[in-house]
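A short worksheet on the structure shown next.
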Amino acid sequence: MDFRRDALHQDILEMVHDFAVEDVKPLAREIDRTEEFPMANVKKMAEMGFLGIPFPENYGGSQMDFLTYIQTVEELSKYCGTTGNIVFAHTTFCSTPIYQFGAEWQKEKYLTKLCSGEWLGSFALTEPETKSGASGRYQITAVDAGSHWVLDGYKTFVSGADVADVFFVTAMTSQLQGTRGISSFIVEKGFPGLSVGKRENQVGIRAASICELVFRECIVPKENLVGSQGKGFEYAGTVLDEGRICVAAQALGIAEGALEETADYVRARKKFGRSLSQFQKTQFELAQMKTNTEAVKLLVYQAACDRDSRESFSHRAAMAKLAASQNAFDVAYRCQQLYGEPAYRKGHPIERMMRDAEITEIYGGTSEVQMRVIAGWMGIK
């Protein structure tokens with residue numbers, strides 16, 4: 001597979017890199033400390049077209065390929081895992097299902113505002129009993145009340161819940177049909193009965209405004225059902241497949257960021273009259289981590305290209321997420337070892353990256369879930 005980019009793609013990625021270095025990196029430590037959602041940077045990203053990269057121009061998107069979008073998530077995550085999360089939580093987990101499964105009027109009303117950044121979006125999937133997957137054990141219900149739907153229940157771990165304007169929500173429309181009783185809805189933040197619950201105090205991606213959503217007889221217009229009733233499980237599965245490539249790109253970026261920070265450090269740090277980079281042990285450690293990370297990059301990019309070419313990519317997405325997330329934490333840990341005591345301090349870039357890397361092995365489906373997907377594709381059941 002040829003991952004070389006033409007001049008247009010290269011210009012876009014250079015623009016992303018410049019923004020990441022000049023605007024994202026300087027704020028990363030502070031927003032991790034304060035947990036403040038980086039709204040100013042999100043607005044800048046909206047103005048630069050980062051929130052609509054893979055969508056057609058007639059909806060306000062940039063009409064670029066999925067690989068370019070993935071590389072954008074990677075580059076942003078290299079300097080701030082939270083910022084990478086914000087982009088794909090909005091784009092893949094809210095805009096994409098509306099684009100793929102929504103009615104034309106839903107795309108015109110919601111997708112255009114999401115692509116422009118006028119509205120921010122999120123995905124309300126996870127519940128305490130469903131963990132990070134899309135299983136049929138939902139407690140939230142959607143009852144047909146004639147002219148509208150009534151949603152009751154809770155969603156947890158909703159990225160950007162207290163700043164989002166619109167949510168892609170899954171709920172049970174028929175408890176007796178299992179996964180075939182799950183449907184999807186577009187829910188606006190102002191709908192009666194919807195409120196934001198407690199904010200999570202998570203270890204990493206601390207400024208992503210991850211909260212609980214509470215639905216208490218929430219009134220949702222009848223026409224805000226997405227696609228066909230009972231298809232919500234299928235839609236969520238498609239979104240999760242794409243989301244796994246996004247999480248893999250986030251993890252890849254974190255590993256690359258940790259390597260970049262550590263390479264600069266070992267060149268400058270002196271020990272026994274020599275820089276740390278001159279010690280063979282240091283060279284071998286960094287060489288091994290770089291090789292592993294480059295191998296992961298090929299797997300992530302291959303998954304993105306499979307998605308672009310509309311080939312089956314579920315197994316590739318699972319492999320990319322499994323490898324990238326495990327590598328990200330391993331690299332961050334080993335980089336902390338090379339740094340020593342400075343990187344054990346709260347707020348150090350490597351310490352932050354290690355915390356951010358942890359979540360990539362959990363959300364979007366744990367590493368164990370990815371291994372089950374891969375084994376199933378291999379015919380091992």
Does the pair K44 and E47 meet the rule for a salt bridge (Lys or Arg N to Asp or Glu O under 4.0 Å), with working shown?
CA-CA 5 Å; K44 289 179 184 178; E47 292 170 2; over 6 Å; no
Under the criterion side-chain hydrogen bond (donor to acceptor under 3.5 Å, both in side chains), I'd like the reasoning laid out for D152 against T141: C-alpha separation, chi angles, the key distance, then a yes or no.
CA-CA 5 Å; D152 277 291; T141 59; 5.0 Å; no
Walk me through it: do K281 and E285 pass the test salt bridge (Lys or Arg N to Asp or Glu O under 4.0 Å)?
CA-CA 6 Å; K281 177 69 164 64; E285 277 283 305; 3.5 Å; yes
Ring pair (Phe, Tyr, Trp, His ring centres under 6.0 Å) between Y339 and Y344, worked out
CA-CA 9 Å; Y339 254 99; Y344 190 64; over 10 Å; no
Could you walk me through whether D330 and Q326 pass the side-chain hydrogen bond (donor to acceptor under 3.5 Å, both in side chains) test, one step at a time?
CA-CA 6 Å; D330 178 66; Q326 291 180 341; over 6 Å; no
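T282 places a side-chain N or O within 3.5 Å of a backbone atom of L276 that can act as its donor or acceptor partner. Side-chain atoms of K155 come within 3.5 Å of backbone atoms of T170 as a donor-acceptor pair (strictly under, hydrogens ignored). H90 places a side-chain N or O within donor-acceptor distance of the main-chain N or O of L114, the cut-off being under 3.5 Å. Not a single donor-acceptor pair under 3.5 Å links the side chain of R316 to the backbone N or O of A303. Of the possible polar contacts, one joining the S116 side chain to the K113 backbone as a donor-acceptor pair under 3.5 Å is found. Proximity of a side-chain donor or acceptor of Q283 to a complementary backbone N or O of S277 within less than 3.5 Å is detected. Formation of a donor-acceptor pair under 3.5 Å by the S309 side chain with backbone atoms of D306 is found in this model. Side chain of Q336 to main chain of A343: a donor-acceptor pair is present (N/O by atom type, distance under 3.5 Å, no hydrogens or angles). Checked by atom type and distance alone, the side chain of R206 pairs as donor or acceptor with a backbone atom of Q202 at under 3.5 Å. A donor-acceptor pair under 3.5 Å is formed between the side chain of K321 and the backbone N or O of G365.
A distance of 8.5 Å separates CG of L51 from SG of C115, quoted to the nearest 0.5 Å. The line from CG of D162 to OG of S122 is 10.0 Å long, rounded to the nearest 0.5 Å.
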Can you list, pair by pair, the side-chain donor-acceptor contacts under 3.5 Å of residues 185-196, counting residues two or more places apart and other chains?
{"from": "E188", "atom 1": "OE2", "to": "K109", "atom 2": "NZ", "distance (Å)": "3.2"}
{"from": "E188", "atom 1": "OE2", "to": "Y110", "atom 2": "OH", "distance (Å)": "2.6"}
{"from": "K189", "atom 1": "NZ", "to": "D165", "atom 2": "OD1", "distance (Å)": "3.3"}

For residues 79-86, run the donor-acceptor check on the side chains, cut-off 3.5 Å, and write out each pair with its distance to 0.1 Å, sequence neighbours left out.
{"from": "Y79", "atom 1": "OH", "to": "E260", "atom 2": "OE2", "distance (Å)": "3.3"}
{"from": "N85", "atom 1": "ND2", "to": "Y363", "atom 2": "OH", "distance (Å)": "3.3"}

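Linking ILVMFWY side-chain heavy atoms closer than 4.5 Å, directly or via other members, places M64 and I70 in a single hydrophobic cluster. Under the 4.5 Å side-chain heavy-atom criterion for ILVMFWY residues, no single connected hydrophobic cluster contains both V143 and I182.
Residues D32 and R355 are paired through a salt bridge, judged by an N-O separation under 4.0 Å between the basic side chain and the carboxylate. In this structure, E368 does not pair ionically with R372, as no charged nitrogen and carboxylate oxygen lie closer than 4.0 Å. Between K290 and E294 there is a salt bridge, since a side-chain N of the basic residue sits under 4.0 Å from a carboxylate O of the acidic one. No salt bridge links E311 with R307; every basic N to acidic carboxylate O contact stays at or beyond 4.0 Å. A salt bridge does not link E212 to K198: none of the charged side-chain nitrogens sits closer than 4.0 Å to a carboxylate oxygen.
Remark: the Q100 side chain and the E242 side chain contain an N/O donor-acceptor pair separated by less than 3.5 Å. With hydrogens and angles left out, the side-chain atoms of N292 and Q288 include a donor and acceptor closer than 3.5 Å. Using a 3.5 Å distance cut-off with no hydrogens or angles, the side chains of S325 and T360 do not pair a donor with an acceptor. Side-chain contact annotation: S314 with D241, donor-acceptor N/O pair under 3.5 Å present.
Each of F168, Y235, F157 was checked for a ring-ring contact (aromatic ring centres under 6.0 Å, His included) with F123, and the lone residue meeting it is F168.
Note that K107 lies in the cation-pi zone of Y99, set by a 6.0 Å cut-off to the ring centre and a 45° limit from the axis. Geometric assessment of R180 against the ring of F233 yields a negative cation-pi assignment under the 6.0 Å and 45° thresholds.
The aromatic rings of F66 and Y69 stand perpendicular to each other, their planes meeting at an angle above 60°, with 30° marking the opposite boundary.
Counting heavy atoms of neighbouring residues, nucleotides and ligands inside a 6.0 Å radius, atom CZ of R216 does not exceed 12 of them.
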